[in-house]
Amino acid sequence: MNIDFRLLAVAGLSAAAASVVTARESGAPKPNIIYIMSDDHAYQAISAYGGILKDIAPTPNIDRIARDGMRFDRCLVTNSISGPCRAVILTGKYSHVNGFLKNEGQQPFDGSQQTFPKLLQKAGYNTAMIGKWHLGSDPTGFDHWEILPGQGNYYNPDFIHKDGRHREEGYVTELITDKCIKWLNEVRDSGKPFMLMMHHKAPHREWQPGPKELTLYKDVNFPEPSTLFDDYSNRGTAEKTQDMTISKTMRIEEDLKLYKDKSKMKATGLNRMDQQQMAAWNDVYDPIIRQFYASDLKGNDLIRYKYQRYMQDYLACIAAVDKSVGEVLDYLKKTGLDKNTVVMYASDQGFYLGEHGWFDKRWMFEQSYRTPLLIQWPGVIEPGSVNNDMVSNLDLAETFLDLAGVAVPADMQGRSMVPILKGKTPGNWRKEHYYHYYEYPGSHMVKRHYGMSTERYKLMHYYYDIDEWEMYDLKADPDEMKNVYNDPEYSSVKKKLHKRLNKLMVQFDDSEELAKTFLPK
Ligand SMILES: [Ca+2]
């Protein structure tokens with residue numbers, strides 16, 4: 001940790017302390033916080049963010065948060081994969097500090113460490129966590145919790161709470177919504193301010209739509225991203241050796257539900273459907289299956305078809321999430337809780353919807369590096385505002401604490417976004433963002449990399465089983481199709497970026513030496 005960072009931390013502390021005094025003096029009640037997070041929800045699939053899907057698959061309820069609050073256009077994650085993102089949110093610390101680096105081959109999250117919910121509890125908040133948790137250990141710091149085991153199931157899922165595990169009948173997005181509204185309405189301590197984490201499983205792979213959305217997009221033809229047939233030329237080994245393409249990696253049966261052999265439904269939990277659910281499912285998918293195998297598609301036609309099926313199911317899952325958000329917003333309005341409740345909508349990370357020919361996440365490229373973030377705070381956030389500051393999931397814990405008037409501990413590594421919510425971005429807000437991804441070898445074979453981004457550039461290093469640097473100029477090349485690291489025209493920019501990256505690694509206590517200690521033995 002360098003001196004700059006300590007000064008920043010101290011400045012953050014005194015600012016937080018000052019806001020406590022102000023809140024107490026004014027006698028204003030502490031705001032409630034609802035943090036709604038979905039899993040793998042690409043910003044490209046939220047109509048408030050625009051993009052090629054906005055008119056064809058709109059998200060009117062999620063958009064209400066943008067309309068009444070603030071849309072963040074550069075919310076960046078520190079390590080683009082589920083469990084690690086969740087650990088960063090709880091701790092306000094990078095993966096190498098909180099100890100949760102990857103999903104696969106990972107020790108459970110150490111819930112005995114400092115996390116924001118524990119600090120909120122101490123400050124008198126009633127805390128709850130409902131939905132996908134994905135950290136291996138039981139939640140700590142929550143007065144109430146009910147979680148899905150691991151990735152969870154879409155149909156008739158199991159839930160775990162402190163007294164054990166049980167199966168519930170229904171569709172996961174609707175069950176989580178009902179549980180959250182029940183907690184808000186009946187279970188929580190109404191004498192205390194509250195913090196609710198509402199974590200959807202959807203729209204995670206294998207993108208199984210709910211009974212109410214089965215036919216929503218089945219005949220819709222979606223526009224294709226311009227990079228669907230990317231051949232990874234002008235880039236390095238990592239892009240050429242990944243295993244996450246729609247063309248090769250996406251499975252016809254399990255991912256696209258085009259089952260020749262329905263006993264394979266077991267592998268993705270679809271066998272959990274009851275007779276009625278299964279009949280409704282087969283009514284929709286059987287004709288699609290017959291048509292697909294009769295058409296005998298090949299080459300690019302097959303890729304195009306797979307992309308369409310992927311979008312039809314993925315976006316149908318999101319439609320249920322959008323309804324869920326609407327139900328929560330309606331409940332808050334009906335009860336008057338909306339007036340003093342900060343509502344946030346985010347995904348754990350971004351996702352590829354065919355860009356570069358991919359699905360999944362992991363990379364420091366835009367679609368997985370950026371995550372949607374929308375926040376409404378009536379009376380404070382200017383409705384309809386759009387923010388371009390470089391914020392991060394690293395800042396969420398600090399923001400929750402600051403909202404509650406709790407001092408941000410000096411060892412947290414992000415910063416409270418509360419000044420930004422008030423329309424006053426601090427002059428010394430970050431101008432570069434640090435990233436580090438670890439899950440390799442592993443699913444989808446995206447090589448380990450660390451790097452940093454500025455407003456215009458990205459610098460990345462793949463350091464394990466290859467040693468390759470990449471650099472992108474987002475202004476000249478917004479689709480990130482050309483590595484300019486060895487382009488002589490960029491040599492002076494490159495030098496500066498290296499310096500800034502080194503400084504960030506010192507600031508966040510990361511290094512290649514430390515990264516080597518996490519490599520497979
Ligand atoms: Ca995820």
Side-chain angles (χ1 to χ4, degrees), residues 35-46 49 59 62 75-91 94-95 98 100-106 108-109 129-136 139 147-154 157 172-173 176 197-208 242-244 249-250 255 268-269 310 313-315 317-318 320-322 324-325 344-355 358-374 392-394 396 435-440 442-446:
Y35 177 73
I36 308 173
M37 186 164 80
S38 49
D39 191 340
D40 296 352
H41 192 173
Y43 60 85
Q44 310 93 292
I46 292 179
Y49 278 97
T59 50
I62 295 171
C75 182
L76 308 172
V77 298
T78 64
N79 179 3
S80 183
I81 184 142
S82 177
C85 286
R86 293 157 201 272
V88 167
I89 291 167
L90 289 170
T91 60
Y94 274 92
S95 307
N98 71 45
F100 202 90
L101 291 105
K102 47 199 170 65
N103 285 345
E104 296 170 2
Q106 169 69 45
F109 176 68
M129 159 67 224
I130 296 170
K132 181 167 173 180
W133 174 248
H134 208 202
L135 286 167
I147 58 172
L148 299 167
Q151 296 282 9
N153 286 113
Y154 275 104
V172 70
T173 304
I176 289 170
M197 301 187 93
M198 174 178 181
H199 288 192
H200 282 298
K201 167 190 172 58
H204 193 277
R205 193 187 190 189
E206 289 84 8
W207 321 295
Q208 296 164 359
Q242 46 65 38
D243 180 24
M244 51 184 272
T249 316
M250 190 176 273
D255 289 322
T268 62
Y310 167 36
D313 286 345
Y314 177 86
L315 294 165
C317 290
I318 285 169
V321 172
D322 186 67
S324 160
V325 171
M344 306 192 185
Y345 184 84
S347 172
D348 56 347
Q349 19 57 213
F351 210 66
Y352 294 92
L353 305 183
E355 299 90 355
W358 292 337
F359 64 102
D360 213 70
K361 50 257 178 178
R362 300 162 198 273
W363 302 90
M364 209 187 145
F365 295 119
E366 287 295 280
Q367 289 79 9
S368 47
Y369 182 42
R370 267 181 71 187
T371 194
L373 177 65
L374 307 167
S392 175
N393 59 351
L394 188 68
L396 288 169
Y435 184 85
H436 200 149
Y437 170 79
Y438 301 87
E439 191 168 287
Y440 178 91
S443 293
H444 300 298
M445 297 303 275
V446 174

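Numbers for residues simply follow the sequence, beginning at 1. All figures in this text were calculated on a predicted structure; none of them were measured in a lab. In listed order, ligands and their atoms are each counted from 1.
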From His41 atom NE2 to Thr59 atom OG1, the distance as rounded to the nearest 0.5 Å: 6.0 Å
Nearest-0.5 Å distance that lies between atom CZ in Arg362 and atom OH in Tyr437: 4.0 Å
Residues Gln151 and Lys132: side-chain donor-acceptor under 3.5 angstrom: yes
Aromatic centroids of Phe109 and His134 separated by under 6.0 Å: no
Please walk me through it: do His204 and Phe351 pass ring pair (Phe, Tyr, Trp, His ring centres under 6.0 Å)? CA-CA 10 Å; His204 193 277; Phe351 210 66; 7.5 Å; no
Does the distance from a Lys or Arg side-chain N to an Asp or Glu carboxylate O, for Asp40 and Lys361, drop under 4.0 Å? yes
At distances under 3.0 Å, what protein N, O or S atoms surround the Ca ion (ligand 1)? Asp39 OD1, Asp40 OD1, Asp348 OD1, Asp348 OD2, Gln349 OE1
